[in-house]
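Working notes, beginning with the structure itself.
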Amino acid sequence: MEHRLFINGNDKTFWVMCQGLIQTLLIRLPLSYYMSIQPNASLTKIGLAAPVSTAVGICLNIGFFLWLNRKSAKKASQQLP
């Protein structure tokens, strides 16, 4: 039997909210501000905060997905007779 997990929903909505807040409040906004106060500030440099925060979000979600898979595999192996 194949098991698939979709993080967006499936009782994982708290994680979706947390990673969104991390991406926005801890990565995108501070990086945008930092880039804007540099001597050679440009919209291109400021705009790099968006793909950087997306990359961080992807890494966070991959880590969370792997953690959930390991957790469910461990739980499944404990239920075997």
Side-chain angles (χ1 to χ4, degrees):
M1 177 168 69
E2 188 176 342
H3 174 70
R4 293 183 184 210
L5 173 69
F6 297 95
I7 295 174
N8 169 354
N10 196 19
D11 294 331
K12 307 297 183 237
T13 54
F14 182 73
W15 167 252
V16 174
M17 179 189 68
C18 287
Q19 66 86 24
L21 290 172
I22 290 168
Q23 280 182 252
T24 303
L25 300 177
L26 299 181
I27 307 297
R28 186 174 297 185
L29 291 176
L31 190 57
S32 295
Y33 175 72
Y34 176 75
M35 293 299 207
S36 72
I37 61 172
Q38 296 305 305
N40 296 325
S42 68
L43 287 178
T44 302
K45 291 179 182 178
I46 295 169
L48 285 176
V52 169
S53 70
T54 299
V56 169
I58 289 169
C59 292
L60 287 171
N61 281 314
I62 288 171
F64 185 69
F65 180 76
L66 294 173
W67 178 77
L68 281 178
N69 276 344
R70 189 177 326 137
K71 184 178 167 183
S72 67
K74 187 175 181 181
K75 186 176 179 180
S77 69
Q78 288 175 350
Q79 292 178 351
L80 291 176

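Not measured: the values here are computed from a predicted model.
- Take Ile62 and apply the side-chain contact (heavy atoms from CB on, under 4.5 Å) test, not counting sequence neighbours, and it matches Ile58, Leu66.
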Do any side-chain atoms of residues 42-52 form donor-acceptor pairs under 3.5 angstrom with protein atoms, and if so which ones, sequence neighbours left out?
from: Ser42; atom 1: OG; to: Lys45; atom 2: N; distance (Å): 3.3
from: Lys45; atom 1: NZ; to: Asn40; atom 2: O; distance (Å): 3.3

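- Listed by chain and number, the residues in a side chain to side chain donor-acceptor pair (under 3.5 Å) with Ser53 are Arg28 (sequence neighbours excluded).
- Of all non-hydrogen atoms in Leu60 and Gln19, the two that sit nearest each other are CD1-CB, 4.4 Å.
- Tyr34 is linked by a side-chain contact (heavy atoms from CB on, under 4.5 Å) to Gln38, counting only residues two or more places apart in sequence or in another chain.
- Under the side-chain contact (heavy atoms from CB on, under 4.5 Å) criterion, Thr24 pairs with Leu29, not counting sequence neighbours.
- Through direct or relayed side-chain contacts under 4.5 Å between Ile, Leu, Val, Met, Phe, Trp and Tyr, Ile37 connects to Tyr33.
- In the hydrophobic clustering of this structure, Phe14 groups with Leu25; members are Ile, Leu, Val, Met, Phe, Trp, Tyr whose side-chain heavy atoms approach within less than 4.5 Å, directly or through other members.
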